[in-house]
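Data first, discussion second: the structure below is written as structure tokens.
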Amino acid sequence: MIVEGSVLPVRHANIDTDQIIPARYLTRIDTAGMGEHLFEGMPDGATLLAEHPGATIVVARENFGCGSSREHAAWALLGRGFKAVIAPSFARIFEENAYTNALVPVVLSPDVAEGLMSARHVVIDVAAETLRADGGEPVAFKLDPLRKQFVLGGGFLQYLNAKIPAIRSWEAAR
Amino acid sequence: MPRSLFDKVWDAHVVEELPGGNALVFMDLIVAHEITTPAGAIAIEREFDDRLYDAQRIVAMIDHVAPAKDSATALQGQTVRNWAKRQGIVFHDIGDNGICHVIVPERGYIGPGMTACCGDSHTCTLGAFGAFALGIGTTAQAGAMLAGCLILQRPKVMRVEVTGTLQAGATAKDLALTVIATIGFRGGTGYVLEYTGSVIRALTMEQRMTLCNMAIEAGATTGMIAADATTAAYLAATPNAPAFSLDVQADPDAEYAKTVTIDGSAVRPVVSWGTNPGECSPIDGVVPFDAPAESLAYMDLQPGQAMTSIAIDQAFIGSCTNARISDLRAAAEVFRGRKVTVPTIVTPGSQVVRRQAEREGLHDIFQDAGALWTHSSCGPCLGMSMGVLAPGMRCVSSSNRNFPGRMGDGGRVHLAAPVVVAASAILGRIASPAELPAIAPREAVLA
């Protein structure tokens with residue numbers, strides 16, 4: 001699986017999920033329609049998106065996706081055409097949500113992530129866990145070895161469904 | 001090997017170790033509300049024949065927007081309502097509604113040693129009962145409803161010991177904000193915070209819930225407090241008190257990945273000045289000289305500005321952090337016989353809290369002071385239904401988040417304890433209750 005494209009440089013730390021998608025849009029019973037409101041809660045969100053049309057990879061600073069557990073943040077990014085988010089760190093719930101929705105969460109050192117803010121074209125090889133910017137040397141990153149399969153092939157709920165017999169046995173013996 | 005409180009609860013719920021440090025962790029309780037549950041329930045209905053692992057382990061309610069504010073939120077509520085009915089899930093509908101982190105404890109759905117999850121980041125509140133309780137996304141919640149388990153990375157454990165005694169004027173909210181300021185706004189990421197120490201033991205259950213509620217605001221997976229006689233007494237008075245034991249305690253020689261000690265006697269009333277909950281100053285202090293320019297620009301504040309010089313446009317007492325009966329009682333003592341000078345909203349955390357407040361006459365005190373007394377919901381906290389801020393409006397709030405736009409596009413939020421919110425509502429600026437002029441005896445009688 002290759003994810004590639006231009007970047008949206010979000011030069012802020014601690015972008016919380018209210019800034020990614022404000023609560024006033026959490027009123028649906030499905031995952032549709034979130035993309036058009038992406039980053040509406042971030043003060044420079046609209047300007048940034050307008051300046052980077054067609055970007056498919058978010059590059060952000062520390063602690064991206066903190067705050068509310070809303071999976072709508074992942075849905076909004078995907079709905080707007082983003083396929084990956086690169087940051088020095090993610091908040092736990094956002095990172096879990098990214099994996100289950102096949103939005104690739106790439107953790108890189110602050111220096112490397114900052115350097116990617118000005119990259120023109122980034123290519124991410126998800127299976128190989130490497131990234132190249134503007135034809136440069138590949139940079140390695142680490143994905144959660146279990147959750148990587150949900151990025152590559154989906155199937156999060158099917159995985160848990162297959163565990164039910166073992167879970168029932170565990171509970172019976174509890 | 002000696003184990004922490006977290007270790008014991010976690011180990012007792014691991015069904016299977018999974019690759020990469022993950023584990024399949026059994027959930028004793030799954031809490032479901034109208035905002036984050038529908039898409040997961042629908043996915044299970046379509047892909048897995050509506051099959052749940054155990055409907056008896058799920059509790060559902062109308063929580064954030066009660067009653068519905070438009071057709072879209074009505075459909076959310078109706079989706080959860082119909083699902084709960086056909087699945088035989090306990091459901092708290094409007095009239096019996098409340099914020100899940102208030103309802104679950106007050107009804108006794110949570111107890112020591114349990115695990116719990118909800119598609120809501122403030123589920124860490126329930127850690128006050130010695131439970132391992134955490135917020136998750138909609139799909140993870142659907143997984144727990146389908147298979148009874150979450151897939152989790154085992155977090156590290158940070159022991160947060162709070163020594164000494166809380167001094168007069170310092171509240172559990174001030175302690176919660178002080179913990180975040182001490183370990184850092186993202187300093188808890190990857191950790192469970194295990195709170196111990198003399199201050200923690202002396203807290204009431206409602207205070208412990210306020211403290212654990214804000215563990216997520218330090219990035220932590222959750223907060224936990226070992227159960228004791230205070231926990232047992234609280235649960236004994238709830239309608240569904242679970243059978244529980246107080247045996248789940250940290251071993252005295254348990255090892256922790258990190259230990260932080262906070263002098264509880266030095267905790268002072270604090271108010272946030274910035275755009276995350278770690279950005280706080282003592283109420284009698286100033287906006288720091290080294291405050292980030294980006295935060296100050298959004299908040300329209302100057303470095304060195306006295307906190308009590310900040311004029312406000314709205315005050316809010318409510319949210320899963322500070323809308324329980326003890327919070328309302330404390331605020332009422334400040335409002336009694338006085339008048340608000342800015343629009344003020346008081347929103348109880350559940351309809352049970354609302355009715356108790358009215359039995360005690362607190363609603364009269366709020367309304368005599370000129371505040372709006374509402375039914376229970378999340379209210380203005382997340383800018384989703386009522387009390388939303390306009391750009392540039394400034395609100396002092398007993399809630400938990402002050403991120404840009406949290407209470408409305410361009411709105412500015414200052415986090416504080418309910419008593420500080422009440423004093424600020426009266427003086428029209430950030431204010432400590434200690435600043436309020438004494439009420440003359442005649443006025444007090446008339447009030």
Side-chain angles (χ1 to χ4, degrees), chain A residues 12-19 22-31 40-43 62-63 66-75 89-101 143-148 150 156-164 166-171 174, chain B residues 15-16 18-22 24 26 35-36 38-39 42-44 47-48 53 64-65 70 72-73 75-76 79 118-121 123 135-140 142-143 146-149 151 153 155 185-186 189-190 216-217 219 221 275-276 294 298 382-384 388 401 403-406 409-410:
Chain A
H12 310 288
N14 306 323
I15 291 298
D16 74 290
T17 53
D18 273 272
Q19 294 189 72
R24 60 184 176 274
Y25 300 118
L26 312 186
T27 59
R28 297 183 62 102
I29 60 169
D30 60 19
T31 65
E40 266 191 38
M42 192 167 78
E62 295 273 3
N63 202 26
C66 61
S68 160
S69 63
R70 64 191 67 166
E71 196 162 318
H72 309 65
W75 301 334
S89 63
F90 294 103
R92 174 188 61 88
I93 306 172
F94 177 85
E95 191 171 22
E96 291 172 358
N97 291 341
Y99 275 114
T100 51
N101 286 278
L143 293 175
D144 180 310
L146 174 69
R147 291 167 208 263
K148 182 179 177 179
F150 307 132
F156 177 82
L157 290 178
Q158 287 77 6
Y159 180 92
L160 280 167
N161 188 50
K163 294 283 185 191
I164 291 175
I167 296 166
R168 293 242 182 251
S169 305
W170 177 89
E171 194 188 7
R174 200 178 174 188
Chain B
V15 174
E16 185 183 338
L18 301 174
N22 290 285
L24 199 56
F26 191 79
I35 305 299
T36 55
I42 290 168
I44 293 173
E47 297 170 38
F48 300 96
Y53 183 84
H64 280 50
V65 183
D70 54 20
T73 51
L75 181 59
Q76 290 181 310
T79 302
C118 175
D120 193 304
S121 60
T123 308
I136 47 167
T138 292
T139 306
L146 174 71
C149 285
I151 296 171
Q153 283 275 351
F185 169 59
R186 47 182 187 262
T189 306
I216 183 73
E217 310 308 340
T221 298
T275 53
N276 73 57
E294 198 174 14
Y298 184 84
L382 76 167
M384 191 172 180
V388 180
R401 290 194 171 133
F403 301 129
R406 169 72 179 183
D409 211 14

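Everything numeric in this text was worked out from a predicted model, so none of it was measured.
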Quick one: of [options], who has the most non-hydrogen atom pairs under 4.5 Å with chain B?
| options | result |
| --- | --- |
| R24(A), R92(A), H72(A) | R92(A) |
| D18(A), I29(A), L146(A), T17(A) | I29(A) |
| D30(A), D144(A), I15(A) | D144(A) |

Problem set entry | A147(B): side chain to side chain contact (heavy atoms under 4.5 Å, CB included) partners, not counting sequence neighbours | L160(A), I164(A), I167(A)
Identify which of [options] forms the greatest number of heavy-atom pairs closer than 4.5 Å to chain A.
| options | value |
| --- | --- |
| V65(B), V388(B), L75(B), L146(B) | L146(B) |
| G143(B), G20(B), P404(B), G405(B) | P404(B) |
| C118(B), A72(B), G219(B), S121(B) | S121(B) |
| P19(B), G135(B), G119(B) | G135(B) |

Are [X] and [Y] side-chain neighbours, meaning at least one heavy-atom pair lies under 4.5 Å?
| X | Y | value |
| --- | --- | --- |
| W75(A) | T138(B) | yes |
| D16(A) | R401(B) | no |
| T275(B) | H12(A) | no |
| E96(A) | I151(B) | no |

Does any backbone or side-chain atom of [X] lie under 4.5 Å from a heavy atom of chain B? Answer side chain, backbone, both or neither.
| X | value |
| --- | --- |
| A74(A) | neither |
| T100(A) | side chain |
| P43(A) | side chain |
| Y99(A) | neither |
| Q158(A) | both |
| N161(A) | both |
| F94(A) | neither |

With no hydrogens and no angle check, is any side-chain donor or acceptor of [X] less than 3.5 Å from a backbone partner on [Y]?
| X | Y | answer |
| --- | --- | --- |
| R70(A) | I35(B) | no |
| E217(B) | G67(A) | no |
| R168(A) | Y53(B) | yes |

Exercise. Taking all non-hydrogen atoms of both residues, which atom of A43(B) and which atom of L157(A) are closest, and how far apart?
Worked result: CB-CD1, 4.4 Å
For this session: Take E71(A) and T36(B), measure what side-chain contact (heavy atoms from CB on, under 4.5 Å) needs, and give me the verdict at the end.
Result: CA-CA 8 Å; E71(A) 196 162 318; T36(B) 55; over 6 Å; no
For this session: Show the numbers, then the answer: is there a side-chain contact (heavy atoms from CB on, under 4.5 Å) between I93(A) and I216(B)?
Result: CA-CA 10 Å; I93(A) 306 172; I216(B) 183 73; 4.2 Å; yes
For this session: Might you work through the side-chain contact (heavy atoms from CB on, under 4.5 Å) test for N63(A) and F185(B), ending with a clear yes or no?
Result: CA-CA 9 Å; N63(A) 202 26; F185(B) 169 59; 3.5 Å; yes
For this session: Look up atom CG in N14(A) and atom CG in N276(B), then write down how far apart they are to the nearest 0.5 Å.
Result: 5.5 Å
For this session: Can you measure from CG (L18(B)) to OH (Y159(A)) and round to the nearest 0.5 angstrom?
Result: 4.0 Å
For this session: Evaluate the side-chain contact (heavy atoms from CB on, under 4.5 Å) criterion for residues F403(B) and M42(A): first the C-alpha distance (whole Å), next the side-chain angles of each, then the deciding distance (0.1 Å), finally the verdict.
Result: CA-CA 9 Å; F403(B) 301 129; M42(A) 192 167 78; over 6 Å; no
